[in-house]
There are 2 protein chains.
Amino acid sequence: MADVARLAGVAQKTVSRVINHEPNVRDEVRARVFAAVEQAGYRPNAAARALVTQRTRTLGVVTMSTTFRGPSAILAGVEAAAREAGYSIVLTRTATGEPRAISEAMDSLVARGVDGIVILEPAESTATIGHETPGTPVLLFEDRPGESPEWIHVGADDRGACREAVEYLLGLGHGTVHHVAGPAGWRTSDARAEGWRAALEGARRIVPPALAGDWTAASGYAAGLALAAQPDVTAVFCANDDMAIGLIHALESRGLSVPGDVSVVGMDDTDVSAYLHTPLTTLAQDFDAIAREGVERLLDEVEGRAPESRREAVPVELRVRASTAPPPAKRREAR
Amino acid sequence: MADVARLAGVAQKTVSRVINHEPNVRDEVRARVFAAVEQAGYRPNAAARALVTQRTRTLGVVTMSTTFRGPSAILAGVEAAAREAGYSIVLTRTATGEPRAISEAMDSLVARGVDGIVILEPAESTATIGHETPGTPVLLFEDRPGESPEWIHVGADDRGACREAVEYLLGLGHGTVHHVAGPAGWRTSDARAEGWRAALEGARRIVPPALAGDWTAASGYAAGLALAAQPDVTAVFCANDDMAIGLIHALESRGLSVPGDVSVVGMDDTDVSAYLHTPLTTLAQDFDAIAREGVERLLDEVEGRAPESRREAVPVELRVRASTAPPPAKRREAR
DNA sequence: CTTGCAGTTGACAGCGCTGTCATCGCGGTT
DNA sequence: AACCGCGATGACAGCGCTGTCAACTGCAAG
């Protein structure tokens, strides 16, 4: 920067002013500085700027997986929203969802000097992390305000949406609905399971035990094998589409038809969900809107603006496709 | 840090030594410093360190999408490998793959002071970007050494693998194989299309025009509709699984069966590929190995080590499942 | 008892930038 | 004519850390 100043025949401070688009610089000087910047191939040093301003214009993201539909879609939205606001993203994955791992990740982000932290896929534990990040606001993508009032919570109404999906199945005439849940302990899994349970209890139906998956098609397949063996199962709600795909495959491999014998509803509307052999009925949420809303609120906090707590519910839409139908008069026996 | 020094009754420099695990500090002093660090709740300031060392221990990643199987799997591997080596990841997405957008992203990463740059999903244009990043090594995930000798290239042998897949289809007895490619101009699309073409030409078969998709199931569906109308089509190789899924759906919706009438091979082995109604024959590559290999080589460069140019080919495996079979005596007409 | 040397510690400068405050013109007021 | 106010500019300090080099220990060797 000193070089540029010399080249332009101005003080270093003036170069700084021009670079940062501060007012009160004559146009002629501004032009001269820009020319010098160009000539010297000057690029401002972010570290030095961060050192003095105590701001890095960087957001830290903590996630556990980048491959599943939900987190990867939200990540994309977060990145876009951040970039538009002039922020960069520092990405940290934690192999496990343990509070310790998350705490460590947050610590390393704070050390990195991020201005805010975003936690995708909150595990149950996030509420209990109770991790202090003095001066660094935290955004959690979950629909329940939870027990950490300091943190910002944004998310679709998983619980309500799932309840609706199950009620739709009940409305079709199914006696009850089984559930393949995500990993126990995760907020998302729990919220979805709660919605399912609420619908069942609201309609005074039997609440069968939920099967626990891990979001993968393989775990859905395993659950499907178990469910195929129970002759009374006619409707299953899966906590995501991948598991629903695995489940359907298991059902079909046991000679059952979907939706002939068993109706299946998934969640998240994967890119391929509409193009399966049996297009999947699923719950679609606008991940991009959720991400943007969250980042906006986080940046309000970061930049000391009044955080408009509009907290408009982000809508979830039930997309009815071919995997659901009224229950059969008599369900086939599994092979 | 000054506070910690005062608390421990040592010089600031000694605290610095302890923090950085430098030798030549008495154990007793070291313990005292650690205690003071704990007591003061001290966290080193990365910006200040970066300012003086000129190193940020940060890698910049440029990508276009985080949702498709390939890039998201590689991203995960890159993050893991980087974290294990003590590096953080700064993520930048570019909406388009234009050279300009990529150049800009790289510029912003350089300004951010990253020690190295990783480009996922290289577009054709990356070779032509010709972007100078003096002092910042660049890693490209592509199998062809390309025209930019300065940059590190790591990738599975897409071309060879695709050739094998097509030869497998030919070996089944198919007269020729059609191809649904990725977006034109991308390295990955091109390499895969080249492999397909090479196999066909090697066997002296007719090379039908390739259909261009955009990696999504929807584009595969569109291609499938077109292919269903051509009665001579009995085998299709898709540049990824999502498009293959869309394609199969289109074929089936036109009354054709897979693999009865048409055999389909995909690529990338998505989480759900083995669990589809017709489990998909596909090409699986070890993304994690590719990512680790790449990061290792990049860090060799970053840290000034001799970059062991072992360049072991990362293997690609053909997973034969139910979507491929010998061609029918007479292919059905599409509805 | 001196000398040398390795191991240990500290003083100080400076990385590249921005915030603060002083300074300098210039035109408009009294 | 003296004054004021404001826009434009610059001098300088200092953000929190590490690299350099000097200084100071104790102990073994001469």
Notebook entry, point to check: Under a criterion of less than 4.0 angstrom to any heavy atom of chain B, what are the 5'-terminal and 3'-terminal contacting nucleotides of DNA chain C?
Noted result: C:dT8 to C:dG16
Check: Hey, are A:Arg297 and A:Glu301 close enough for a salt bridge, meaning a charged N less than 4.0 Å from a carboxylate O?
Finding: no
Check: Are B:Arg187 and B:Asp158 ion-paired here, with the side-chain N under 4.0 Å from a carboxylate O?
Finding: no
Next item on the list: Give me the one residue out of B:Leu139, B:Val295, B:Leu140, B:Asp300 that meets side chain to side chain contact (heavy atoms under 4.5 Å, CB included) with B:Ile152.
Entry: B:Leu139
Next item on the list: Would you please say whether a donor-acceptor pair under 3.5 Å links the side chains of A:Arg112 and A:Thr56?
Entry: no
Notebook entry, point to check: In terms of the nearest nucleotide of DNA chain C, which residue is placed more toward the 5' end: B:Gly9 or A:Ala47?
Noted result: B:Gly9
Item checked: salt bridge (charged side-chain N to carboxylate O under 4.0 Å, His left out) partners for A:Asp3, two or more places apart -> A:Arg6
Checklist line | A:Glu28: salt bridge (charged side-chain N to carboxylate O under 4.0 Å, His left out) partners, not counting sequence neighbours | finding: A:Arg26, A:Arg32
Check: Roughly how far, to the nearest 0.5 Å, is CD1 of B:Ile19 from CZ of B:Phe34?
Finding: 6.5 Å
Check: Should the ring pair A:Trp186 and A:Trp215 be called parallel, tilted or perpendicular, given that the plane angle runs from 0 to 90° and is split at 30 and 60?
Finding: perpendicular
Checklist line | Check: A:Leu120 and A:Val62 side chains under 4.5 Å, non-hydrogen atoms | finding: no
Check: Among residues 12-34 of chain A, which contact DNA chain D at a heavy-atom distance under 4.0 Å?
Finding: A:Lys13, A:Thr14, A:Arg17, A:Asn24, A:Val25, A:Arg26, A:Val29
Checklist line | End-to-end axis angle, where each axis spans five pairs of the helix from C:dC1-D:dG30 to C:dT30-D:dA1, to 10° | finding: 60°
Margin query: Taking salt bridge (charged side-chain N to carboxylate O under 4.0 Å, His left out) as the cut-off, I'd like each qualifying pair that reaches into residues 52-76 of chain B, sequence neighbours left out, listed once.
Written below: B:Arg55-B:Asp115
